[in-house]
Amino acid sequence: MVSRTLMGVWVALDFCLLVAGALSVALSIVWRAPNVLMNMVLSSADLTAGTILGVAFLITFAISVGAIIQRNHVTLGLVILNWTLLVDAIGVLIIGSFVWIYTLRERANFYVLWKAASRDDRLFLQDKFKCCGYFNGTDFAEIGGSFCTSQDVVNGLNPNVTSNFCVTPVTGFADVTLNNAYGFMAIVLCLLLATICVIKKRNEDERFKKIDAKRGGRGFV
């Protein structure tokens, strides 16, 4: 019989997968709302990928529930679950890799977005992060708002303090948001390993039952 500890671990990991799927779908929907900073960091394609991944997790959870409630000798559902988890892992790997490659040139990539942003959006970001311009005070800095109120204010910024210019706070926010792309991988792989253990234990139990049956229902002792 599968131990309570093993089943407890499996159930906990399966619940984590459910939460991960619901969270991925919910955030992908919420982050589509107009938000200057979030819309700069996450593109529509990123959010669509997050939605697809979240739905995949939820489908995998539904498969897991159907698989685990089967009788001990029926392990096909758990095998299908493991193949589904492998597909999920590949999805996380692909999406995470695209994000990771993008972050390799993060400062330059966000510079393109900064230049393409409207004056109002740049003013909003300057006020939010208390910075002026991107790499320096003359780099697409906007005069106005509550922080960069005049050219004298911009000229008076210390060039040695990186937080005075928007490249550091903008990419810092992006780091926190983007660098968690591989975070779901731990849940997927741990659930995969736990499911393998459950399959192995169930197969052992069935094997011993068959041996016991051949011995006329008597145990080994």
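Heavy atoms only: backbone and side chains are in, while hydrogens, waters and symmetry mates are out.
Q70 contributes a side-chain N or O that, together with a main-chain N or O of G66, makes up a donor-acceptor pair within less than 3.5 Å. Distance alone, capped at 3.5 Å, is enough to place a donor-acceptor pair between the T103 side chain and the W100 backbone. Checking side-chain atoms of Q126 against main-chain N and O of G145 turns up no donor-acceptor pair under 3.5 Å. In this structure a side-chain-to-backbone donor-acceptor pair under 3.5 Å is present from D127 to F147.
Counting only residues at least two apart or on different chains, no ring pair (Phe, Tyr, Trp, His ring centres under 6.0 Å) pair has a member in residues 16-53. Applying the side chain to side chain donor-acceptor pair (under 3.5 Å) definition to pairs two or more places apart or across chains, none involves residues 75-86. Pairs of residues two or more places apart, or lying in two chains, that qualify as ring pair (Phe, Tyr, Trp, His ring centres under 6.0 Å) and include a residue from residues 122-143 are Y111-Y134, Y111-F135, W114-Y134. Annotation: side chain to side chain donor-acceptor pair (under 3.5 Å) contacts involving residues 11-24, sequence neighbours excluded, comprise D14-S64. Sequence neighbours left out, the pairs with a member in residues 44-140 that pass disulfide (SG to SG under 2.5 Å) are C131-C166, C132-C148.
Put simply, V99 and M185 are part of two different groups of oily side chains (I, L, V, M, F, W, Y) that touch within less than 4.5 Å, one to the next. Note: the hydrophobic cluster containing L86 also contains L17 (ILVMFWY, side chain heavy atoms under 4.5 Å, direct or indirect links). Hydrophobic clustering, with ILVMFWY side chains joined whenever heavy atoms are under 4.5 angstrom apart, keeps L85 apart from I94. No chain of hydrophobic side-chain contacts below 4.5 Å, direct or via other Ile, Leu, Val, Met, Phe, Trp or Tyr residues, connects V19 to I52. Put simply, I199 and V65 are part of the same group of oily side chains (I, L, V, M, F, W, Y) that touch within less than 4.5 Å, one to the next.
Legend: residues meeting disulfide bond (SG atoms under 2.5 Å apart) with C16, ordered by chain and number and at least two apart, are absent. Checked against side chain to side chain donor-acceptor pair (under 3.5 Å), T51 has no partners two or more places apart in sequence or in another chain. Legend: residues meeting side chain to side chain donor-acceptor pair (under 3.5 Å) with D46, ordered by chain and number and at least two apart, are S43. Taking the salt bridge (charged side-chain N to carboxylate O under 4.0 Å, His left out) definition, one finds that E142 meets it with R119, R122, sequence neighbours left out. For R105, the salt bridge (charged side-chain N to carboxylate O under 4.0 Å, His left out) criterion is met by no residue, not counting sequence neighbours. Contacts of D121 classified as side chain to side chain donor-acceptor pair (under 3.5 Å), with partners at least two apart in sequence or in another chain: S118.
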Take K130 and N164, measure what side-chain contact (heavy atoms from CB on, under 4.5 Å) needs, and give me the verdict at the end.
CA-CA 7 Å; K130 302 296 186 291; N164 283 338; over 6 Å; no
Steps toward side-chain contact (heavy atoms from CB on, under 4.5 Å) verdict (I68, V198):
CA-CA 9 Å; I68 201 67; V198 172; 4.2 Å; yes
Show your reasoning for whether side-chain contact (heavy atoms from CB on, under 4.5 Å) applies to N39 and R32.
CA-CA 7 Å; N39 295 158; R32 287 184 185 275; over 6 Å; no
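Inter-residue side-chain proximity for L178 and L42 is flagged as met; some heavy-atom pair is nearer than 4.5 Å. The shortest side-chain heavy-atom distance between V170 and F165 does not fall under the 4.5 Å cut-off.
Closest heavy-atom contact between M38 and T177: SD-CG2, 4.4 Å. Between V167 and T171, the closest heavy-atom pair is O-OG1, 2.5 Å.
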Side-chain atoms of residues 152-162: list all donor-acceptor pairs with protein atoms under 3.5 Å, sequence neighbours left out, distances to 0.1 Å.
residue: N155; atom: OD1; partner: Q151; partner atom: NE2; Å: 3.0
residue: N155; atom: ND2; partner: Q151; partner atom: O; Å: 3.2
residue: N158; atom: OD1; partner: N160; partner atom: N; Å: 2.9

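By the neighbour-count criterion of 12 heavy atoms within 6.0 Å, atom CZ of F98 is sparsely surrounded, having that number or fewer from other residues, nucleotides or ligands.
Between the CG atom of L58 and the CG atom of L53 there is a distance of 10.0 Å, given to the nearest 0.5 Å. Atom CG in L192 sits 8.0 Å away from atom CG in L81 (nearest 0.5 Å). The distance from the CG atom of L125 to the CG atom of L37 is 6.0 Å, given to the nearest 0.5 Å. To the nearest 0.5 Å, atoms CG (N109) and OH (Y102) are separated by 4.5 Å. Interatomic distance, I187 CD1 to F15 CZ, rounded to the nearest 0.5 Å: 11.0 Å. To the nearest 0.5 Å, atoms CG (L23) and OG (S28) are separated by 9.0 Å.
T168 and R107 share no side-chain donor-acceptor pair at under 3.5 Å.
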